[in-house]
Amino acid sequence: MLKDFFLNEVEEAILKAIKDNKLGQASEYTKGSLMIEKPKNPDFGDFAVNVSSLARTAKIAPPMIANAIVEYLSAKDYSVSIVGGFINFKIENALLANAVEEILTKKENYGKPDKIEKEKILLEYVSANPTGPFHIGHGRWAAMGSALANLLKFYGHEVYQEFYINDAGSQIQKLGNSLKIRVRQELGENVDFPADEVERKNFYPGDYLIPVAKKYVEQNPGITSDKLDVKVLSDFAKKEMEECQKKLLEGFRVHFDNFYSELDLHNSGKVEESYKELMAKGMLYEKDGAMWFKSSEFGDDQDRVIKKADGSNTYLTADIAYHVDKLKRGFDRLINIWGADHHGYVARVKASLEALGYDPNKLEILLGQLVNLVINGEEVRMGKRKNMVTLDDLIEEVGVDATRYWMEMRNIDMTLDFDIELAKRSTDENPVFYVQYAHARVCSILRNAVNDRINPETGEQIKAPMTQKELDDLIHNFDKNIILKTADTAKTLILKLEEFKSVISLSAQNRTVYTICRYVQELAAEFHSFYNSNRVICDDVDLMKSRLALMVAIRITLKNALDILAVSAPEKM
RNA sequence: GCGCCCGUAGCCCAGUUGGAUAGAGCGUUUGGCUACGAACCAAAAGGUCGGGGGUUCGAAUCCCUCCGGGCGCACCA
């Protein structure tokens with residue numbers, strides 16, 4: 001990419017200059033310590049590098065250093081100017097034509113780096129209890145996680161997506177008890193959940209179990225209240241909830257490779273196994289009748305109970321076994337997306353891996369801030385179960401594209417206010433439509449280039465400027481001289497297209513999805529701006545061809561980016 | 001009290017890991033469709049980067065401190 005190209009140019013020049021003793025007292029330079037940036041003011045140039053940081057070791061003023069380095073630059077296909085400690089580069093059209101050519105050649109692979117250190121990554125996200133429908137917060141992890149998976153795959157990693165089902169523990173009992181009440185209601189009994197706040201917490205009083213109860217009664221004709229078995233009911237409800245969650249995820253374009261059951265983990269003996277291993281390594285001790293893990297020896301603020309006084313395991317015990325199992329399955333890297341409310345668990349899970357002799361740095365935990373639902377400008381508290389807005393409702397109301405985009409467009413470190421009204425609106429306030437509109441518009445131009453049209457006023461037929469075959473030829477047998485025709489007017493647009501490669505690299509390395517959203521909005525803006533001041537289909541045939549090639553490049557890049565976000569790229573809207 | 005996240009234009013957010021005059025979008029004001037989609041474009045106004053110290057050639061960015069908001073601090077999951 002062009003950034004790397006200029007960085008390489010500068011670094012080569014520096015090394016030569018040092019060899020010739022032209023950089024004062026600087027005797028060495030480590031590659032990668034300088035950075036190519038885009039000048040704030042485009043008059044300076046298209047790319048720039050600030051060499052001021054070399055001033056200290058060289059003991060020369062920054063402008064002098066810049067001058068010395070410039071002496072060694074090839075200046076082929078670009079020109080150079082110096083302002084203070086900045087070396088500014090202005091690129092020539094040949095480089096722009098190369099950029100477009102690259103897009104047309106690589107197509108759906110455009111944006112992928114040539115070579116990376118490929119890793120086998122296990123990405124775990126959502127991982128909810130199978131005790132009810134997803135709420136709006138799960139939607140953020142679902143959208144971000146799946147987009148991150150797409151991004152890392154696109155970047156070149158091998159990504160395995162996993163959902164950890166929290167199907168063991170007291171909440172399943174609670175689910176069974178709740179369904180029992182719903183089934184008894186279905187059988188005509190006059191029962192309800194306890195009115196007392198505290199007792200009510202032992203149940204899930206949401207309406208969503210009513211249809212499950214109906215289904216259970218249908219499938220078990222003749223069942224009576226006295227024959228209801230909580231264990232059977234829990235299993236039934238659990239299965240129903242899991243099905244319901246899986247269906248929703250598919251519709252939300254979230255595809256897991258595996259659903260990993262916590263219950264299976266317990267039954268497999270792996271939990272007991274890692275417990276014994278910790279014991280064998282002397283990492284456990286007994287206090288107040290419980291077994292404690294010495295996590296504070298590995299950076300946690302305190303030790304943690306790993307087996308309760310009643311002999312049962314804590315959640316952490318299973319989580320340790322789960323993460324050990326992930327590593328045993330041969331992954332180079334584990335990435336988890338967790339809600340910020342779980343941040344206290346980071347230290348203890350990492351501690352356990354270290355205690356068992358694994359590298360805790362293989363586990364990356366991305367903590368995401370929570371989501372607030374905003375209706376009519378007012379924050380709606382999520383805590384109250386009865387007013388819960390489910391993810392299902394939200395998608396139904398807002399649509400998959402807009403819901404995903406709004407979840408993806410914010411930095412994970414930010415609390416997200418999800419404004420339903422705003423997300424629904426298909427106006428300027430909604431960036432997802434702005435981007436999709438750009439794609440549709442490009443497609444429209446490409447259609448017009450090959451379709452006959454009718455003049456709405458005179459009614460006469462206007463012949464298409466070219467055939468589909470001519471358009472295909474233009475793309476497949478790309479002539480670099482053609483694109484040079486439009487390089488001047490489309491310079492910022494082409495540079496933006498070229499930037500996609502940097503955006504992918506940075507986003508993948510930093511595990512950020514919102515940067516893709518920002519990019520795609522910027523690219524759409526560049527296109528719309530270009531569109532308003534330049535006609536693509538015009539009388540100058542070479543110019544038209546040149547701009548059509550550019551349109552195809554835009555369509556490819558927009559599509560590649562939107563595919564990562566799993567937001568559709570419509571040809572018409 | 002302790003830990004993590006956040007505080008940048010009226011609103012919502014960027015800010016390329018310490019660099020050039022702090023930037024987009026929305027909203028406001030003003031212009032632009034008898035040729036490719038106006039769900040668009042162009043322009044203007046709008047800032048004590050929460051406050052105060054410090055580090056250095058240089059700070060929205062790093063350190064300290066205070067203020068404000070969110071989330072955690074279980075032998076729950």
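Both backbone and side-chain heavy atoms feed into the values below; hydrogens, waters and symmetry mates do not. Every chain is numbered from 1 and lettered A, B, ... according to where its sequence line falls, protein lines coming before strand lines.
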Regarding A:Lys350 and A:Asp300, does a basic nitrogen lie under 4.0 Å from an acidic carboxylate oxygen? no

Measure from CZ on A:Arg518 to P on B:C26 and round the result to the nearest Å. 13 Å

Considering only atom P, compute the distance from B:A74 to B:G52 and round it to an integer number of Å. 38 Å

Heavy-atom nearest nucleotide on RNA chain B taken for A:Arg441 and for A:Ala48; more 5' hit belongs to A:Ala48

A:Asn430 versus A:Trp406, side-chain donor and acceptor atoms under 3.5 Å: yes

Measure the distance from CZ on A:Arg410 to C1' on B:G70 and round it to the nearest whole Å. 17 Å

Minimum heavy-atom separation for A:Lys90 and A:Lys491, please, with both atom names. CG-NZ, 4.1 Å

When rounded to whole Å, the CG to C1' distance for the pair A:Asp303 and B:C75 reads 14 Å

If I pick the P atom on B:U28 and the same atom on B:C73, what distance separates them, to the nearest angstrom? 44 Å

For B:C36, which nucleotide in any strand shown is its Watson-Crick or wobble partner with both distances under 3.5 Å? none

Select one nucleotide: of B:G15, B:A20, B:C36, the one nearest the side-chain heavy atoms of A:Tyr514. B:G15

Among B:G37, B:C13, B:U16, the one nearest any side-chain atom of A:Tyr437 is B:G37

Identified pairing partner of B:A22, criterion: Watson-Crick or G-U wobble below 3.5 Å: none

Whole-Å P distance, B:U30 and B:C66: 49 Å

A:Ala340 and A:Leu370 have their tightest heavy-atom pair at N-CD2, 4.1 Å

Nearest nucleotide by nearest heavy atom, which residue falls closer to the 5' end of RNA chain B, A:Phe44 or A:Asp341? A:Phe44

Using the P atoms only, state how far B:A45 lies from B:G58, rounded to an integer number of Å. 31 Å

What is the separation between atom CZ on A:Phe527 and atom P on B:A39, rounded to the nearest whole Å? 13 Å

Among side-chain atoms of A:Lys326 and A:Asn336, is any donor-acceptor pair under 3.5 angstrom? yes

Correct closest heavy-atom pair for A:Thr131 and A:Leu175 would be O-CD1, 3.6 Å

OP1 or OP2 of B:A42 versus the side-chain N and O atoms of A:Ser533: is any pair under 4.0 Å? no

Within the pair A:Tyr519 and B:A24, is there a side-chain N or O less than 4.0 Å away from OP1 or OP2? no

Evaluate the criterion side-chain contact (heavy atoms from CB on, under 4.5 Å) for residue pair A:Leu148 and A:Tyr125; output intermediate values, then yes/no. CA-CA 10 Å; A:Leu148 182 61; A:Tyr125 58 103; over 6 Å; no

Among B:C41, B:C75, B:C36, the one nearest any side-chain atom of A:Asn532 is B:C41

Counting distance alone, no hydrogens or angles: does the base of B:A20 have a donor or acceptor under 3.5 Å from a partner atom on the side chain of A:Asn88? yes

Looking at every strand, decide which applies to A:Ala168 at a 4.0 Å heavy-atom threshold: base, sugar-phosphate, or nothing. sugar-phosphate

For B:C64 versus B:A24, give the span between their P atoms, rounded off to a whole number of Å. 33 Å

Distance-only donor-acceptor check, side chains A:Tyr405 and A:Gln436, under 3.5 Å: no

Just to confirm, is there a sub-4.0 Å distance from OP1 or OP2 of B:A38 to any side-chain nitrogen or oxygen of A:Tyr531? yes

Under 3.5 Å, which N/O atoms of the protein pair with N/O atoms of nucleotides 1-8 of chain B?
unit_1 : atom_1 : unit_2   : atom_2 : d
B:G3   : N2     : A:His343 : ND1    : 3.3
B:G3   : N2     : A:His343 : NE2    : 3.1
B:G3   : N3     : A:His343 : NE2    : 3.4
B:C5   : O2'    : A:Asp413 : O      : 2.5

B:A44 and B:C2: how far apart are their P atoms, nearest whole angstrom? 49 Å

Selection from B:C36, B:A14, B:U16 that lies nearest to any side-chain heavy atom of A:Asn448: B:C36

With a non-hydrogen cut-off below 4.0 angstrom, is A:Ser444 in contact with a base, only sugar-phosphate, or nothing? base

Would you mind classifying the nucleic acid contact of A:Ser53 as base, sugar-phosphate or nothing, using non-hydrogen atoms under 4.0 angstrom? base

What I want to find out is whether A:Glu498 reaches A:Lys3 closely enough, with some N-O distance under 4.0 Å, to be called a salt bridge. no

Under 4.0 Å between any heavy atoms, over every strand shown, what does A:Asp319 touch: base, sugar-phosphate, or nothing? Just pick one. nothing

Categorize A:Lys307 for me: base, sugar-phosphate, or nothing, with a 4.0 angstrom heavy-atom threshold over every strand shown. nothing

Does B:A14 have a Watson-Crick or wobble mate here (both distances under 3.5 Å), and if so which one? none

Which nucleotide, in any strand shown, forms a Watson-Crick or G-U wobble pair with B:G58, with both distances under 3.5 Å? none

C1' atoms of B:U65 and B:G72, separation to the nearest Å: 24 Å

A:Trp292 CH2 - B:C75 P separation (whole Å): 5 Å

Rounded to whole Å, the CG-P distance (A:Asp417 to B:G69) equals 16 Å

Between B:C73, B:G19, B:C41, spot the one nearest the side chain of A:Gln302, thanks. B:C73

Within-4.5 Å side-chain heavy-atom neighbours: A:His323 and A:Glu124: yes

Base, sugar-phosphate, or nothing for A:Lys287, non-hydrogen atoms under 4.0 angstrom? base

Sugar-phosphate, base or nothing in reach of A:Ser52, heavy atoms under 4.0 Å: base

Could you measure between the two P atoms, the one in B:U21 and the one in B:C13, and give it in whole Å? 29 Å

Using a 90° cut-off around 0 for syn, call B:C33 syn or anti. syn

By the salt bridge (Lys or Arg N to Asp or Glu O under 4.0 Å) test, which pairs, at least two apart or in different chains, include something from residues 511-536 of chain A? A:Glu364-A:Arg511, A:Lys496-A:Glu522

Expressed in angstrom and rounded to an integer, what is the separation of A:Ile65 atom CD1 from B:C57 atom C1'? 12 Å

Sugar-phosphate only, base, or nothing, as touched by A:Met573 at under 4.0 Å among non-hydrogen atoms: base

Determine: side-chain N/O of A:Lys308 to OP1/OP2 of B:C76, distance under 4.0 Å, yes or no. yes

Which whole-number value in Å describes the distance from A:Leu284 CG to B:C75 C1'? 14 Å

Return the nucleotide paired to B:G3: Watson-Crick means purine N1 to pyrimidine N3 with N6-O4 or O6-N4, wobble means G-U with N1-O2 and O6-N3, both under 3.5 Å. B:C71

